[in-house]
Colleague: 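Quick one: the structure is below, questions incoming.
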Amino acid sequence: NVELQLELGTSLSPVTGDSNQLLQVCLHVVTNALQALDEVGGGTVKVSTFAIDGGVAFEVADSGPGALEPERVFDPFYTTRSVGQGVGLGLSACYGIVQEHKGRITCRNRAEGGACFRVELPTTKQMRNDTAMASAASR
C-alpha cells in the first residue's frame with residue numbers, strides 16, 4: 001500500500017565519499033519512511049535529488065504520522081518503536097556518516113503531514129575548493 005514517487009535531478013555533480021556508507025544512509029532513511037507508513041496502513045514516499053549551493057541533496061518525504069520530536073531523531077538510543085523493534089542507533093549512525101562526509105542531515109515534519117529527511121553533501125568540486133582554501137589559510 002505504498003506509492004513511490006521519484007523526482008530525480010539531472011546533471012547532478014558527483015560527491016566524494018564511501019559509497020557503502022552513503023548507501024547505508026539512503027537505505028535507512030527510506031526504511032524509516034516505509035516503517036512510518038506501515039503504522040498507518042500505507043501512503044506515499046517521495047524521493048527527490050537536486051542541486052543546492054555547493055552540493056547536492058537527497059530528500060525522502062512520507063505521508064505518515066510525522067516525527068514526534070524531529071529535533072531528537074538523531075540522538076543515540078532515541079526511538080519511538082516498540083520494544084524489540086529497534087534500539088535507536090540507525091539515524092544516529094546516519095548522522096555520523098553524513099558529518100564525516102562534510103554534509104548535513106535534517107528532519108522536519110511537513111505541513112501536509114508526514115516527515116521529511118534531507119541529506120546534503122558537498123560536491124567533489126566544492127570539497128576540493130574547501131581543501132585548497134584551508135591549505136592556503138594555514139600558510
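Numbers here are sequence positions counted from 1. Source: prediction; values computed, not measured.
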Colleague: Any chance you could measure N20, atom CG, to I97, atom CD1, to the nearest 0.5 Å?
Modeller: 10.0 Å

Colleague: Check whether any side-chain N or O of T44 sits under 3.5 Å from a backbone N or O of S63 as a donor-acceptor pair, and report yes or no.
Modeller: no

Colleague: Indicate the atoms forming the closest heavy-atom contact of V98 with I105, along with that distance.
Modeller: CG1-N, 3.8 Å

Colleague: Between A33 and V45, which heavy-atom pair has the shortest distance, and what is it?
Modeller: CB-CG2, 4.1 Å

Colleague: Main chain of L8, side chain of T49: is a donor-acceptor contact present, judged purely on distance under 3.5 Å?
Modeller: no

Colleague: Within this structure, what is the CG-CG distance for the pair L37 and N32, rounded to the nearest 0.5 Å?
Modeller: 11.0 Å

Colleague: How long is the straight-line distance from NE2 of H28 back to OG of S92, given to the nearest 0.5 Å?
Modeller: 9.5 Å

Colleague: With a 3.5 Å distance limit and no angle check, can you tell me whether N109 reaches the backbone of A67 through a side-chain donor-acceptor pair?
Modeller: yes

Colleague: Testing the basics here: between A36 and P65, what is the closest heavy-atom pair and its distance to 0.1 Å?
Modeller: O-CD, 3.6 Å

Colleague: Can you tell me how far apart NZ (K102) and OG1 (T16) are? Round to the nearest 0.5 Å.
Modeller: 12.0 Å

Colleague: Any side-chain heavy atom of D62 within less than 4.5 Å of one from R110?
Modeller: no

Colleague: Sequence neighbours excluded, which residues qualify as side chain to side chain donor-acceptor pair (under 3.5 Å) partners of E3?
Modeller: Q5

Colleague: Check side-chain contact (heavy atoms from CB on, under 4.5 Å) between V15 and all other residues, then give those that pass, not counting sequence neighbours.
Modeller: L22, V56, L121

Colleague: Between S13 and K125, is any pair of side-chain heavy atoms under 4.5 Å apart?
Modeller: no

Colleague: Side-chain heavy atoms under 4.5 angstrom apart, residues restricted to Ile, Leu, Val, Met, Phe, Trp, Tyr: same cluster for V119 and L4?
Modeller: yes

Colleague: Would you kindly confirm whether F58 and L6 end up in one hydrophobic cluster when ILVMFWY residues are joined by side chain heavy atoms under 4.5 Å apart?
Modeller: yes

Colleague: In Å and rounded to the nearest 0.5 Å, what is the SG to CD distance from C94 to Q21?
Modeller: 10.5 Å

Colleague: Only counting residues at least two apart or in another chain, list the ones meeting side-chain contact (heavy atoms from CB on, under 4.5 Å) with S48.
Modeller: E7, K46, F50, E59

Colleague: Any donor-acceptor pair under 3.5 Å linking the side chain of R118 with the backbone of R104?
Modeller: no

Colleague: Taking the side chain as everything from C-beta on, heavy atoms only, tell me whether F117 gets closer than 4.5 Å to V73.
Modeller: yes

